[in-house]
Amino acid sequence: MIRTIALREFKTLFLSPLAWTILAIIQFILAYLFLTQVETFIRVQPELATIENAPGLTDIVVTPLYSNAAIILMLVTPLLTMRLICEERRNKTLPLLLSAPVSNTQIILGKYLGIMGLFFIMTLLISLMPLSLLTGGTLDYGKCLANLLALFLLLSAFTSTGLYMSCIAGHPIIAALGAFGLLLLLWIMDLSTGIKDQHSELFEYLSLLKHFQMIQTGLIRSVDLIYFAIFILLFLILSIRNLDNERL
Amino acid sequence: MKLIEAENLYRYYGKHCAVHDLSFSLARGDVLGFLGPNGAGKTTTMQMLCGNLAPSAGRIIINGHDLLDSPVAAKRNIGYLPDTPPLYRELTVDEFLSYCAQLHQVPRDQIKPATTTAKEKCGLTSVSDRLIAHLSKGYQQRVGIAQAILHSPDIIILDEPTVGLDPIQIREIRSLIRELGQAHGVILSTHILSEVQESCTHVQIIQEGRLILHETIKGLEQHMKMATVELTTRIPVNADLLKSLSGVLSIEILAPCKIQVHYDSSHDPSEQIASLTIAQGWGLQEISPIKRSMEDIFIALTQAASDNSANTRDSLP
């Protein structure tokens, strides 16, 4: 059942120009940023040769690519997730799912995985760019995979937030704004920790950026993985609860 | 075994009580018509039966499964057409119906035959490949009905199924409903009273969330035979005098010299009316019993119910 709903959601994305447009635009922008990064690397290469323990190709080109992708996708995810539940409710198609023999958990997971399917394709497409570097250089595969993992976890977290916002909002635009606002807040949460010496461990822990960057460095700590797992589960459970409340 | 058993259903929206102590049951072979004025609680009741709304109190047993305890098992027996057909406009009729079949767990090899049968029954074969968004309202409504009967559920719940259809389609849908009623249990809601008369075996009238009539169509026809006489006189009558006769409930003045007298079916006052008319010298020209239409019963019942509830409200301290 989850598979049925997920497949339907995934196919629906590609029925409208939305998914195609987003894939194209993101690929274009990231390719541009990627090329700039490659150029920077070529320019600073002679200097790097003189430094001991200098950052390599992966550090200078690949990591920034994924960081840029993360920021751009933070803007894009709310646009993809905003229609999930909200539009069904507005178009009165939700009763179709609610009166079918599927549980609310299956509905939410189906919707969630449908969008994740698109993001899976997107991360693969983005990863083609670093792979193209193999034609003229070598890569730190471990670090590349860590970046891939970090981006995918981050997108999973973004999507769960967007899905929840789509559950509670009455209009898709509100859902998009809400999701974007919440994500941005969580993203910049650790900024305050930099001011003076007011070091807030809680805010630092809550910040998405910190955990994302930590995995990006290639250091995969269980604390970061648990953070993402809790984050995703929390919003998925909240979404299911919200759909349960629909009946009350 | 009963297909649906609903016991003491209540549904509150905030403080507003939309459904008040509703109990009824549905057996295989029944076609139950839900009647009621706007806002009577028809749609709310149907949403509760389909598990889209939870009742504030009460119990719903669908084919032996409690809708609250095992919703998935219970919902497997239901086909539901809400008041707005739930259609994905960006899909074609075929895509949509096969998605619905998958949602209702129709076995993979049965999906194609099931959609074909449903399309034939609803007259959709010619529009199989068209986008739902491009279909007319009548066709969209038919897709909605096809979606509800697709997996041949035991219980089919249709919320105003004939809205937006042309007269020929309405006739087709009515005969479809009768046909479905033979092997399944069907509940349909409507404002159109003749529809109930034509396609239902049972009728249920709801007013302000309360059940005010649950009858078989035969019983209803009994109701129709009674309780009104039409009186034509030469000069206008004194309505107050007539009203004072025992058994007379109300008087409706159709024209200066033509009135209808509604009375309590247990004592027929026709004789007194006739003798009063002669005694008063109003010039009796015609007195005849009226066979009431469904509309009359409906209006009489709903008005009586709202009068009652108005009275009880007034009597509150």
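So that the names make sense, note that chain A is the first sequence line, chain B the second, and so on, each numbered from 1.
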Using side-chain contact (heavy atoms from CB on, under 4.5 Å), reason through A:Thr4 and B:Gln105 one step at a time and then give a plain yes or no.
CA-CA 10 Å; A:Thr4 310; B:Gln105 295 165 359; over 6 Å; no
Quick check for you: among B:Arg11, B:His151, B:Gln147, which has the greatest number of heavy-atom pairs under 4.5 Å with chain A?
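The residue among B:Arg11, B:His151, B:Gln147 with the greatest pair count is B:Arg11.
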Look at atom [atom1] of [X] and say whether more than 12 heavy atoms of other residues, nucleotides or ligands are closer to it than 6.0 Å.
X	atom1	value
B:Arg178	CZ	yes
A:Phe120	CZ	no
A:His171	NE2	yes
A:Tyr205	OH	yes

Minimum heavy-atom distance between A:Ala100 and B:His104, given as atom pair plus value
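Closest approach of A:Ala100 to B:His104, heavy atoms only: CA-NE2, 3.7 Å.
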Side chain B:Lys75, main chain A:Ser103, donor-acceptor under 3.5 Å
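A pair under 3.5 Å: no.
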Residue A:Ser16 versus chain B: region with a heavy atom under 4.5 Å
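No part of it gets close to chain B.
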So for A:Leu94, is it side chain, backbone, both, or neither that comes closer than 4.5 Å to the heavy atoms of chain B?
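Neither part.
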Beyond-backbone contact of [X] with [Y], side-chain heavy atoms, under 4.5 angstrom:
X	Y	answer
A:Gln106	B:Leu103	no
B:Phe96	A:Leu96	yes
B:Leu91	A:Leu15	yes

Point-to-point distance, once rounded to the nearest 0.5 Å, from CZ of A:Arg247 to SG of B:Cys50:
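Between atom CZ of A:Arg247 and atom SG of B:Cys50 there are 12.0 Å.
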How long is the straight-line distance from CD of B:Glu95 back to NZ of A:Lys11, given to the nearest 0.5 Å?
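Interatomic distance, A:Lys11 NZ to B:Glu95 CD, rounded to 0.5 Å: 7.5 Å.
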Identify which part of B:Arg89 has an atom lying under 4.5 Å from any heavy atom of chain A, answering side chain, backbone, both or neither.
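Contact with chain A involves no heavy atom of B:Arg89 at all.
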Per-residue contact mode, B:Pro82 against chain A (heavy atom under 4.5 angstrom)
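Just its side chain gets close to chain A.
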